[in-house]
2 protein chains.
Amino acid sequence: LSTPAEKRTPTFEALGERGVIDLIRRRFPSPAAILPVGIGDDAAVAVSERGALEVLTTDSLVEGVHFDRRFSSFRDVGYKALAVNVSDVAAMGGTPRLALLSFIVPAVGSREFEVRDLDELLDGFAEIAAETRVALAGGNISRTAGPAPFVVDVSLVGWVRPRKVLTRAGGHAGDALYVTGTVGTAAAGLGWLRAHAANPSTAPDDAGLAECVSRYRRPSPRARIGAVMGRTRAASAAMDLSDGLADAVTQVAEASGTGAVIDAEALPLHPAAVRWFEREGREPIQAAVAGGDDYELLFAVPRRAKGRLRHAAGHARGVPLTRIGELTKDRSIVLRRDGASEPLPRGFTHF
Amino acid sequence: LSTPAEKRTPTFEALGERGVIDLIRRRFPSPAAILPVGIGDDAAVAVSERGALEVLTTDSLVEGVHFDRRFSSFRDVGYKALAVNVSDVAAMGGTPRLALLSFIVPAVGSREFEVRDLDELLDGFAEIAAETRVALAGGNISRTAGPAPFVVDVSLVGWVRPRKVLTRAGGHAGDALYVTGTVGTAAAGLGWLRAHAANPSTAPDDAGLAECVSRYRRPSPRARIGAVMGRTRAASAAMDLSDGLADAVTQVAEASGTGAVIDAEALPLHPAAVRWFEREGREPIQAAVAGGDDYELLFAVPRRAKGRLRHAAGHARGVPLTRIGELTKDRSIVLRRDGASEPLPRGFTHF
């Protein structure tokens, strides 16, 4: 079954490279005060944030690995492609500013990429760009010669004040560990989508589960709380939960030269995620801490910074911040529940 | 015929994501004065160039489109992936500083990507990074789930002083057009490689043709002359020749609101390229101006800037700078030869 001819929009090929660039340029006019030269020249030229350090990151979404067209619209993909990069900048205590947006469009893909698809992708990108005050500075479009997944690649430049940077390595034994939002929510959402892959247009009846699905499709990067935790020096270290809580705790502890204890009872699990994992016969805590794609932030907070933490939490605009454990002198990474200790289960690996 | 087992190196999969990141981090230690936080955290943190504007660009090399493993080694691919971005920064009058390097590694490709391939790619990248004083700040590695081309994607951040920026749009009627190096050289080199695809290990006997092949595999971006032409304000506009001279002349003229006349006799063609195009039965001038992959620079130079141009040319370290025509009030884009005019042939389109 093909779409009726009158409903089709031009393909990328029909529009041509300059047509595509013009379309993007019209959608994202360059704010002259920030971008004296925006989209369409050999490179963009931008005004720096005075006296600040630059924060640089890049991340790709690859079809079939990071998204599935059955589960995510192009609008979701455009949103998430920027969101995951904003999350990385926030995890450094930084504020995002300028993005470069690149596509690799397959010559032979699951279906021809049309201008309508590009429009939808740009809608999602524009939505989060507006939320996080990011300007699109430029990008690149490549077509492949043969079969390939669709790829969206974003590079993001932000800023952070000197001495306000949050690395993974700044933690000390005794620092409390805090996490924003909930843990395992996106993994439950993805689980539901996979279980309903045969009939992808259905939505969960359960409003909580619908929230898990939405969290998977469109993660809300914790841009504001990341910047505030850095600026106020409430945190000594931070990392985002792109690869799951267990991975983040392990990496912060290893980089800081400490161990960590996580208190299972304290973990903020979404009730619908718990129900979903139980229905699937999985132990909810293990599934939640191993699950990737939660773009929450993990912070190490020194004891002396408790007042600053309260202040920072007051600027979190309703994003909950939960104490889930602490960094320890002992180098092991431990999950404590019912008075007993077990190794914190890893889970998510990229390849 | 497969490589003997003892000669194989670990695959990407065997090394794992952290193994690959550690390998890259060891190869590219972060210079602390520039990169307080380098490879391996959520994002890199860099010291800005004081009082300068930022220059931002990104470009990908896609296997089967921008390179062919029969024609280019991974070392060439690593070199070229950064070179094409340096060329874009130079075309703005900027100086490159910091790169983000990303890979998309196919799960199913022309053959398994091994650590040796990564090492070679990093060798080429390191070579041009050292030549152009670019520090590697970070990057990303994604694997695909199915068949895909290998992709290298680089984002590059540089700097330029305010009021020294060279856009495409700054030219005026009467400005002379100058080009660095030679034109059509890379196209001739690629032509030779394609004609010998059945036996790719052969090299051209003709030393000139070998130079054309080398120019295709490893373009020398004109980093120094670009920055000098901007800094001295010898040029009013600039663009690189990634998509060929005809494309660059057209784009500079259109963006500047002028036309252009190119003098065929003045075009700096490589003698071996001329011989190659003639052997192939192609008209050398037409083939040369339409051929892509020359990472030379096109400059518009106002009459009053001739003294500055001489000064800038003195800093070009032997890179020739040739006057090839001028921007005109009349909006047509014309090639003039033997006293007659013809439209400047376009040629290279991306998709």
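First the proteins, then the strands, lettered A, B, ... as listed; each starts at 1. Here the structure is a predicted model, which is why all the values come from computation and not from measurement.
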Region of [X] that comes under 4.5 Å of a non-hydrogen atom in chain B:
{"X": "A/L98", "answer": "side chain"}
{"X": "A/T144", "answer": "both"}
{"X": "A/V37", "answer": "side chain"}
{"X": "A/L100", "answer": "side chain"}

Residue part contacting chain A, namely of [X], when any heavy atom lies under 4.5 Å:
{"X": "B/L61", "result": "neither"}
{"X": "B/V47", "result": "both"}
{"X": "B/M239", "result": "both"}
{"X": "B/A90", "result": "neither"}
{"X": "B/I104", "result": "side chain"}
{"X": "B/A137", "result": "side chain"}
{"X": "B/V151", "result": "side chain"}
{"X": "B/V160", "result": "side chain"}
{"X": "B/A255", "result": "neither"}

Quick one: of B/V62, B/L101, B/L53, B/V165, who has the most non-hydrogen atom pairs under 4.5 Å with chain A? B/L53
Counting heavy-atom pairs closer than 4.5 Å to chain A, which one of B/P149, B/G94, B/G138, B/G51 comes out on top? B/P149
Pick out which of A/R50, A/E54, A/E49 makes a side chain to side chain contact (heavy atoms under 4.5 Å, CB included) with B/S48. A/E54
For a side chain to side chain contact (heavy atoms under 4.5 Å, CB included) with A/T167, tell me which candidate from B/D41, B/V45, B/D42 qualifies. B/D41
Pick from A/L156, A/D153, A/V89: which one has the most heavy-atom pairs with chain B under 4.5 Å? A/D153
Measure across B/E17 and A/D243 and return the closest heavy-atom pair with its distance rounded to 0.1 Å. OE1-OD2, 4.3 Å
Of all the heavy-atom pairs spanning B/S142 and A/H66, show the shortest one and how long it is. OG-CE1, 3.6 Å
Roughly how far, to the nearest 0.5 Å, is the CG atom of A/N140 from the OG1 atom of B/T58? 6.0 Å
Verify side chain to side chain contact (heavy atoms under 4.5 Å, CB included) between A/V157 and B/L56, making sure each step is shown before the conclusion. CA-CA 9 Å; A/V157 177; B/L56 307 165; 3.9 Å; yes
